[in-house]
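No experiment lies behind these values; they were computed from the predicted model shown. In what follows, every heavy atom counts, from backbone to side chain, and hydrogens, waters and symmetry copies are set aside. Nothing fancy with the numbering, it's 1 onward along the sequence.
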Amino acid sequence: MEECISVFDMLKIGVGPSSSHTLGPWRAAERFLEELRSQSLLEEITRVKVDLYGSLSLTGKGHATDLAVMLGLSGQDPEYIPVENIAGIIKTIENKNELILGNQIIIPFYFLQDIVFNKDFLPFHANGLKFTAYQTDNSEYESTFYSIGGGFVVKEERTNAKNKIAIKCAFPFMIDNADNLLKYTIEENKNISEIVYENEKSMRSEEEIHNELMRIWHTMLECMYIGCHSEGVLPGGLNVRRRAFDMHQNLIGLSNYKDPQSWLEEIRKTEVKFRQILKWVSCFALAVNEVNASLGRVVTAPTNGSAGVIPAVLMYYLVIENHNAGEKEIKQFLMVAGEIGSLFKQGSTISAAMGGCQAEIGVSSSMAAAALCELMGGTPAQVLMAAEIAMEHHLGLTCDPIGGLVQIPCIERNTMGAIKAINAAELALETDSKNAKVPLDKVINTMWQTAKDMNSKYKETSEGGLAIAVNMADC
């Protein structure tokens with residue numbers, strides 16, 4: 001059987017600020033605990049040391065990698081932990097110099113000594129981390145993981161990240177490239193979301209698919225709502241002032257609402273001239289990524305750093321384009337977006353540490369453009385064209401976060417990615433797909449080649465670009 005990537009692999013609920021540097025290491029810590037339990041070692045552990053390598057080390061502080069590791073080792077789940085509890089758990093570990101390993105046994109833990117930042121890179125992937133557990137008999141247990149983007153974590157013995165074997169299934173429609181996907185839509189006379197739905201049904205019941213897709217959307221909606229109603233300065237030392245709050249107040253005026261859904265309905269009543277549309281889309285994207293930068297709960301889509309693009313574009317459709325849209329259109333959008341993301345994951349990368357920001361904002365823009373195009377009536381060929389157009393104009397985009405924080409230029413880039421996605425969808429809708437010159441598969445391959453050619457300074461190391469042109473003192 002071949003690898004099957006589900007929509008729910010591409011759209012994960014977690015905690016910010018980074019899928020590869022926060023969610024991935026958190027999941028790696030959870031898997032390390034599973035290994036200890038499976039070998040009946042947990043009760044024998046007296047100390048744990050964590051070594052971070054490469055990009056995880058170089059920008060780990062700004063991405064809260066150290067905090068994520070501590071939370072993971074404590075047995076906390078990023079999908080369900082109350083985000084308001086995070087600061088207290090971390091403070092307790094730091095003050096007491098101890099950690100409740102797997103939420104079961106108390107061990108000494110000196111975070112300044114037991115989390116080691118190593119600037120050298122491990123050969124397998126730019127985001128490596130090694131856990132070492134010391135046992136009562138003085139023996140050691142080591143395990144190395146790699147966070148490969150989007151919250152995905154692999155083991156060192158997986159010799160090729162492009163030949164992953166962890167997720168096995170039997171999709172009725174095995175899809176490994178865009179041409180393959182288009183062929184199925186023609187043969188089955190279905191649109192892309194219908195093909196994706198058939199594949200998802202081979203793994204889950206229709207009720208489960210519905211519930212999970214809606215849970216993802218409600219998390220996105222709540223995230224936008226929180227971001228639009230939170231003011232102040234983002235943590236981390238750059239003194240970045242939240243902008244979504246003021247922008248939202250100027251746009252919505254004195255509207256009356258009490259929750260995210262009634263808020264959505266109120267936005268539908270607002271003025272929709274071109275400038276207002278630009279501002280609303282930007283506001284939605286800013287809101288999500290300001291929540292992300294504050295260790296809030298977001299949907300990795302396909303990464304945390306690019307989490308604002310897809311909800312902003314879907315919200316645009318719901319509040320501007322189609323006031324009658326509801327659950328059917330939301331699920332359709334998310335399924336198409338997830339499928340396009342899986343094509344990039346299989347054929348290229350969704351990790352900024354491997355490919356720069358083209359792998360994050362570029363991919364999310366491509367996902368959103370395709371999903372919007374289908375909702376607007378585009379044919380499968382036009383949907384793939386929309387995805388191609390969006391990525392084509394993100395090729396070569398670097399990842400150069402100032403101070404290693406997912407703030408500058410990351411937050412604004414989500415607004416750019418969302419606007420480009422809408423533009424790409426409109427261009428595709430106005431184009432006869434027979435006249436397309438650049439197939440999606442070609443642009444995916446080009447992105448991968450560009451990623452491999454890109455200097456490591458521009459791959460989430462904060463060693464080039466804006467990250468060195470603008471330093472913390474300037475802020």
Chi angles and distances behind the side chain to side chain contact (heavy atoms under 4.5 Å, CB included) call for Met447, Leu395
CA-CA 6 Å; Met447 179 198 144; Leu395 287 173; 3.8 Å; yes
Pi-cation contact, Tyr53 with Lys130 (under 6.0 Å, within 45°) = no
Are Leu264 and Leu318 packed together at the side-chain level, in the sense that at least one heavy-atom pair is separated by less than 4.5 angstrom? yes
Contact between Ile115 and Phe109 at the side-chain level, heavy atoms closer than 4.5 Å - yes or no? yes
Checking Lys331 side chain against Lys328 main chain: does a donor-acceptor pair fall under 3.5 Å? no
Backbone of Tyr458 reached by a side-chain donor or acceptor of Thr398 within 3.5 Å: no
- Task: Go through His248 and Tyr225 one step at a time and tell me if the ring-ring contact (aromatic ring centres under 6.0 Å, His included) criterion holds.
- Result: CA-CA 10 Å; His248 173 259; Tyr225 185 81; 8.0 Å; no
key: Test log, rule side chain to side chain contact (heavy atoms under 4.5 Å, CB included), inputs Phe117 and Asp66   = CA-CA 9 Å; Phe117 291 80; Asp66 47 351; 4.1 Å; yes
Heavy-atom side-chain contact between Trp217 and Leu314 under 4.5 Å: yes
Item checked: Salt bridge present between Glu34 and Arg31 (N-O < 4.0 angstrom) -> no
Requested in this report: Determine, stepwise, if the pair Asn95 / Thr92 fulfils side-chain hydrogen bond (donor to acceptor under 3.5 Å, both in side chains).
Outcome: CA-CA 5 Å; Asn95 288 345; Thr92 298; over 6 Å; no
Sequence neighbours excluded, the answer for salt bridge (Lys or Arg N to Asp or Glu O under 4.0 Å) partners of Lys96 is none
Value for CD (Gln276) from SG (Cys283), rounded to nearest 0.5 Å, stands at 12.5 Å
### Message
For Tyr257, is there any backbone N or O sitting under 3.5 Å from a side-chain donor or acceptor partner on Ser262?
### Response
no
In this structure, CG of Leu334 is separated from CG of Leu213 (nearest 0.5 Å) by 5.5 Å
- Message: Checking the side chain of His394 only, and the main-chain atoms of Val363 only, is there a donor and an acceptor separated by less than 3.5 Å?
- Response: no
- Message: In the structure I gave you, are the side-chain heavy atoms of Val50 and Val116 within less than 4.5 Å of one another anywhere?
- Response: no
In terms of side-chain heavy atoms, does His218 have a donor or acceptor partner in Gln261 at a distance below 3.5 Å?
no
task = Tell me yes or no: between the side chains of Gln104 and Arg37, is some donor less than 3.5 Å from an acceptor?
result = yes
Q) Going through the distances and angles, do Lys459 and Asp400 end up as a salt bridge (Lys or Arg N to Asp or Glu O under 4.0 Å)? A) CA-CA 7 Å; Lys459 296 180 180 181; Asp400 48 358; over 6 Å; no
(Q) Ring-plane angle category for Phe131 and Phe32, please: parallel below 30°, perpendicular beyond 60°, tilted otherwise. (A) parallel
The reported gap from CG in Asn127 to OH in Tyr146 (rounded to nearest 0.5 angstrom) is 10.5 Å
- Message: Can a donor-acceptor pair be found, under 3.5 Å and without considering hydrogens, that links the side chain of Asn414 to the backbone of Asn289?
- Response: no
Margin query: If you apply the rule side chain to side chain contact (heavy atoms under 4.5 Å, CB included), what do you find for Val196 with Val336, and how did you get there?
Written below: CA-CA 7 Å; Val196 176; Val336 175; 6.0 Å; no
The reported gap from OG in Ser366 to CD1 in Ile340 (rounded to nearest 0.5 angstrom) is 6.0 Å
I'd like to know if the side chain of Glu339 pairs up with that of Ser342 as donor and acceptor (distance under 3.5 Å, no hydrogens or angles considered).
yes
Ser143 side chain to Lys155 side chain, donor-acceptor N/O pair below 3.5 angstrom: yes
**Asked** Under 3.5 Å, side chain of Glu327 to main-chain N/O of Met214, donor-acceptor pair present?
**Response** no
Is it the case that the side chains of Thr303 and Glu360 hold a donor-acceptor pair, with the cut-off being a distance below 3.5 Å and no angle test?
yes
Query - Beyond-backbone contact of Ser147 with His21, side-chain heavy atoms, under 4.5 angstrom - result: no
Checklist entry - Side chains of Arg242 and Ser294: donor-acceptor distance under 3.5 Å anywhere? => result yes
Check: Between Leu71 and Ile90, is any pair of side-chain heavy atoms under 4.5 Å apart?
Finding: yes
**Q.** Any donor-acceptor pair under 3.5 Å from Thr461 side chain to Ser456 backbone
**A.** yes
Test: Lys49 cationic atom under 6.0 Å from Tyr134 six-membered ring centre, within 45° of axis: no
Q) Would you say the side-chain atoms of Glu412 pair up with the backbone N or O of Pro409, donor to acceptor, closer than 3.5 Å? A) no
With Met315 as partner, the option from Val281, Ile267, Ile320, Ile310 fulfilling side chain to side chain contact (heavy atoms under 4.5 Å, CB included) is Ile267
By salt bridge (Lys or Arg N to Asp or Glu O under 4.0 Å), Glu212 pairs with (sequence neighbours left out) Arg215
Donor-acceptor pair, side chain of Asp77 and main chain of Glu79, under 3.5 angstrom: yes
- Task: Please tell me if the side chains of Val309 and Met367 come closer than 4.5 Å, counting only heavy atoms from C-beta onward.
- Result: no
Task: Residues Asn199 and Ser202: side-chain donor-acceptor under 3.5 angstrom - done: no
- Message: For a quick check under 3.5 Å, do Glu460 and Thr59 share a side-chain donor-acceptor pair by atom type?
- Response: no
Check your understanding: So, Gln39 and Tyr141: side-chain donor and acceptor under 3.5 Å apart, yes or no?
Key -> yes
Q.
As a quick check of understanding, evaluate salt bridge (Lys or Arg N to Asp or Glu O under 4.0 Å) for Glu94 and Lys91, giving each step before the final call.
A. CA-CA 5 Å; Glu94 294 178 350; Lys91 187 175 182 180; over 6 Å; no
Checking the side chain of Thr300 only, and the main-chain atoms of Pro302 only, is there a donor and an acceptor separated by less than 3.5 Å? no
> Does one side chain, of Ser6 or Glu200, offer a donor that lies under 3.5 Å from an acceptor on the other?
Replying inline: yes
Using distance alone, with no hydrogens and no angle criterion, decide if Thr132 and Glu140 have a side-chain donor and acceptor under 3.5 Å apart.
no
Are Phe152 and Ile350 side-chain neighbours, meaning at least one heavy-atom pair lies under 4.5 Å?
yes
